[in-house]
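Since the structure comes first, as structure tokens, the remarks are kept for the end.
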Amino acid sequence: MVYRGTQLRCRDACVSYAGNGGKVEALRNISLETGRNEFLSILGPSGCGKTTLLRLLAGLVVPQQGTVERIPPQAAASGRILLVRQENSLFP
């Protein structure tokens, strides 16, 4: 995900989904802040919420709790987001 010249601030964000056995917490109380033009890597085991976090930061998912903001706000920035995911077909 690339944000040119934009910082991201995420405060106490929570995202959950309805699962077969009830509510599944994908993210709980996530807080982070990026610097301008900073390169950010998200690492973790399968199923830990990496994709949910990327979708949250890209604005594709809305947190049930907490906030995610762009600095400057999206209206002042170009508003363009590049999100490239690694699919299973790319690497064995």
Side-chain angles (χ1 to χ4, degrees):
M1 184 162 52
V2 177
Y3 288 92
R4 287 201 168 152
T6 302
Q7 292 176 265
L8 291 170
R9 183 178 297 144
C10 180
R11 296 282 180 242
D12 298 317
C14 297
V15 176
S16 59
Y17 299 103
N20 291 339
K23 184 172 94 170
V24 176
E25 284 186 322
L27 300 174
R28 183 184 331 146
N29 299 327
I30 298 295
S31 295
L32 64 90
E33 187 168 336
T34 65
R36 276 189 104 79
N37 296 316
E38 185 174 62
F39 185 88
L40 178 66
S41 296
I42 301 170
L43 304 172
S46 179
C48 73
K50 298 180 301 292
T51 299
T52 301
L53 178 58
L54 286 173
R55 292 174 54 81
L56 178 72
L57 296 176
L60 302 173
V61 171
V62 177
Q64 282 91 21
Q65 191 175 308
T67 61
V68 177
E69 62 181 312
R70 291 189 200 179
I71 307 162
Q74 185 170 1
S78 69
R80 296 178 65 192
I81 298 170
L82 174 62
L83 177 59
V84 179
R85 293 184 44 195
Q86 175 184 322
E87 297 297 328
N88 293 336
S89 61
L90 293 179
F91 298 102

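No experiment lies behind these values; they were computed from the predicted model shown. The first residue in the sequence is number 1, and the count goes up from there.
Residue pairs meeting the side-chain hydrogen bond (donor to acceptor under 3.5 Å, both in side chains) criterion with at least one partner in residues 13-23, sequence neighbours excluded, do not occur; the list is empty. For residues 40-49, no pair satisfies salt bridge (Lys or Arg N to Asp or Glu O under 4.0 Å), with sequence neighbours left out.
Partners of E69 by salt bridge (charged side-chain N to carboxylate O under 4.0 Å, His left out), not counting sequence neighbours, listed by chain and number: R9. Annotation: side-chain contact (heavy atoms from CB on, under 4.5 Å) contacts of T67 (sequence neighbours excluded): R11. With sequence neighbours excluded, the residues satisfying side-chain hydrogen bond (donor to acceptor under 3.5 Å, both in side chains) with E25 are R28.
When all heavy atoms are compared, the tightest approach of G66 to P63 is O-CG, 3.8 Å. Among all heavy-atom pairs drawn from T34 and Q7, the shortest one is O-NE2, 3.1 Å. Summarising the geometry of L56 relative to V62, their closest heavy-atom pair is CD1-C, 4.3 Å, with the distance given to 0.1 Å.
Here the SG atom belonging to C14 is positioned 7.0 Å from the CG atom belonging to D12, to the nearest 0.5 angstrom. To the nearest 0.5 Å, atom CG of residue N29 and atom CD of residue Q65 are 6.0 Å apart. Rounded to the nearest 0.5 angstrom, L32 CG and I30 CD1 are separated by 7.5 Å. Between atom CZ of residue R70 and atom CG of residue L8 there is a gap of 7.0 Å, rounded to the nearest 0.5 Å. Considering OG1 of T52 and CG of L27, their distance stands at 5.5 Å, rounded to 0.5 Å.
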For this session: Decide side-chain contact (heavy atoms from CB on, under 4.5 Å) for Q64 and V15; before the verdict, give the C-alpha distance in whole Å, the side-chain angles of both, and the deciding distance to 0.1 Å.
Result: CA-CA 6 Å; Q64 282 91 21; V15 176; 4.0 Å; yes
